[in-house]
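For ligands, and for the atoms within them, numbers begin at 1 and follow the listed sequence. Throughout, residue positions are numbered sequentially from 1 according to the sequence presented.
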Amino acid sequence: MQKITIIGAGYVGLVTGACFAEIGHQVMCVDSDPVRIELLRRGRSPIYEAGLEELINENRDHLRFTTDLGEGLDAGDAVFLAVGTPTAPDGRADLAHVRQAAAEIGRRLRREDLAIVVKSTVPVGTTRLVERIIQENLPEPKRFFMAFCPEFLREGTAVKDVLEADRVVIGADDLEIFDRVARLYRRFGRKIIHTDIVSAEMVKYASNAFLAAKISFSNEIANLCELTGANIDHVVKGMGLDSRIGDKFLRAGIGYGGSCFPKDTNALLKTAEDAGYDFSILRSVVEVNRRQAERFLEKIFRRYPGGLAGRTAAVWGLAFKPGTDDVRESPALRIVSALAERGCRPRLYDPAAMNNFRKSLPDLPCEYSVSAAAAAEGADLLVILTEWEEFAGFPLERLGGLLKEKIVFDGRNCLSRRSAEAHGFEYFSVGRPDLPAR
Ligand code: NAD
């Protein structure tokens, strides 16, 4: 059992902390947001993530929460830095929270030999920057060790991803530091890889950029399917069975969103720019993703040449993906706003993300519904933007009875095209032949 302190109790820090507690470590989570800490002390999770609240409550004996970083530093053998690194206005990663936390660690560090592990996604060279900031803020000399350990969890399956991750990458200058950090992870029983610090920083960006590229590639094939009469479902099935390709991240749709892919692809482009390298594939990945939501909107607008003014569009799904309440960079923000701008009345439903959506677009003229059925009732059209299971499983016969007109724009290929056809829907999806009105 080790004592671990996590700075930043968000999606990454909180899930990592709860999972470390689950395997027996003594964990202290520090967050500068007092409301968040108060909620956690009451056993409530401030974020929606399957199994997280249960894990927090099951491990109350060895999971503590504080806003006091000094208390956290005194309590830990290792400190993980998991604060946010949002996109700065110029597209680079905004390191303000990282810098601030590093300076505070320096000012408050009292003990020797602390292992300080950066877990936030940060551009190459940032772990060294954190080390320098800590050094500069130390009131008196102290020995400490730096490592970088990228996080690969996915929102929606974060707890499982941490407890059963396929790999842990630890960037550390030497084997002794690597071992200190690796020891914390051993009970997860996974593949633990040692790299230098800069390579570990690059692993995270390279992984996210590659996954984003897979999605944009699949979306471009889907667009081409639409123009040639092919069906993306069949194409992906045929491609995905090749073990060199795999079937994951090939789902066509309205593009990726969330707090990671958009910001990390942009930050990596800036890293390339700063290094004098033209990362042309990645530029296209980002551009294709931007266009994908626009293409979908055009499909809707084309269907209504007389305009959408006065029509009610039921919208199912606001989160950037199912299983989360996160709407950061969700394509739904752009699509719902564009519908409202055209005078359409969006009537929204999402099982988890409505509060966050409302906070992101407080002035949007729209209605929020209590259920998928309530949103659809009497609507002129249905637009699906997140592939929640409850939407995929919604009985189409019932849906047909709820909508004023049986018209569906499915941005996530959530419904079976064949069932939509059997139930007489006019149905538009991505990379599959449209089903026109009959
Ligand atoms: P988040 O915004 O959910 O959480 C960050 C937390 O840090 C917030 O609760 C904030 O109050 C706290 N914080 C900020 N400054 C602080 C300080 N000085 N002291 C204490 N607390 C402070 O962010 P997140 O989604 O958990 O992401 C954290 C990092 O992990 C980012 O770099 C992100 O790119 C990376 N990451 C995120 C995911 C994901 O799916 N969300 C996956 C892998 C990696």
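In terms of N/O distances under 3.5 Å, ligand 1 is not approached by Asp33. For Lys119, no nitrogen or oxygen atom sits less than 3.5 Å from a nitrogen or oxygen atom of ligand 1, counting backbone and side chain alike. For ligand 1, none of its N or O atoms has an N or O atom of Glu151 under 3.5 Å away. Checking only distances, Lys204 never comes within under 3.5 Å of ligand 1, N or O to N or O. Not a single N or O atom of Asp264, backbone or side chain, sits closer than 3.5 Å to an N or O atom of ligand 1.
Near Thr85, with a cut-off below 4.0 Å to any heavy atom, the atoms of ligand 1 are 31 (C), 32 (O), 34 (O). Counting atoms of ligand 1 from 1 in the listed order, those under 4.0 Å from a heavy atom of Arg328 are 2 (O), 25 (O). Near Gly8, with a cut-off below 4.0 Å to any heavy atom, the atoms of ligand 1 are 6 (C), 7 (O), 12 (C), 21 (N). Interface of Arg36 with ligand 1, defined as ligand atoms under 4.0 Å from a residue heavy atom, comprises 9 (O). Within the listing of ligand 1, atoms 33 (C), 34 (O) sit less than 4.0 angstrom from a heavy atom of Lys263.
Aromatic ring centres of Phe320 and Phe261 lie farther apart than the 6.0 Å criterion allows. For Trp316 and Tyr349, the distance between ring centers is not under 6.0 angstrom.
Under 4.0 Å is where a charged nitrogen must lie from a carboxylate oxygen, and between Glu58 and Arg60 no such pair does. A salt bridge is absent between Arg187 and Glu22; no separation between the charged side-chain nitrogens and carboxylate oxygens falls under 4.0 Å. Ion pairing between Arg295 and Glu298 fails under the 4.0 Å rule for side-chain N and carboxylate O. Looking at Asp410 and Arg417, no side-chain N of the basic residue comes within less than 4.0 Å of a carboxylate O on the acidic one, giving no salt bridge. A salt bridge is absent between Lys321 and Glu387: the closest approach of a Lys/Arg side-chain nitrogen to an acidic carboxylate oxygen does not fall below 4.0 angstrom. Using a cutoff of 4.0 Å between basic side-chain nitrogens and carboxylate oxygens, Glu136 and Arg107 are not scored as salt-bridged.
Here the SG-CG distance, from Cys344 to Leu381, works out to 5.5 Å after rounding to the nearest 0.5 Å. Between atom CG of residue Leu40 and atom CD1 of residue Ile37 there is a gap of 5.5 Å, rounded to the nearest 0.5 Å.
The number of heavy atoms from other shown groups lying within 6.0 Å of CZ (Arg154) does not exceed 12.
Closest protein heavy atom to atom 26 (O) of ligand 1: Val12 N, 2.8 Å. Protein heavy atom nearest atom 1 (P) of ligand 1, with residue, atom name and distance: Gly10 CA, 4.0 Å. Atom 29 (C) of ligand 1 has as its closest protein heavy atom Val83 O, 3.4 Å.
Proximity of Asp31 to ligand 1, defined as any heavy-atom pair under 4.0 Å, is shared by backbone and side chain alike. Neither the backbone nor the side chain of Arg99 comes within 4.0 Å of ligand 1, counting heavy atoms alone. If you look at Ala82 next to ligand 1, the close heavy atoms, those under 4.0 Å, all belong to the backbone. For Arg154, no heavy-atom contact with ligand 1 is shorter than 4.0 Å. Counting heavy atoms under 4.0 Å from ligand 1, residue Leu153 touches it through both backbone and side chain.
Looking at Gly84, Cys29, Ser259, it is Gly84 that brings a heavy atom closest to atom 23 (O) of ligand 1. Between atom 16 (C) of ligand 1 and the options Ser32, Ala9, Ala158, Ser207, the minimum heavy-atom separation is to Ser32.
Listed for the Glu151 side chain is no donor-acceptor partner under 3.5 Å among the backbone atoms of Lys119.
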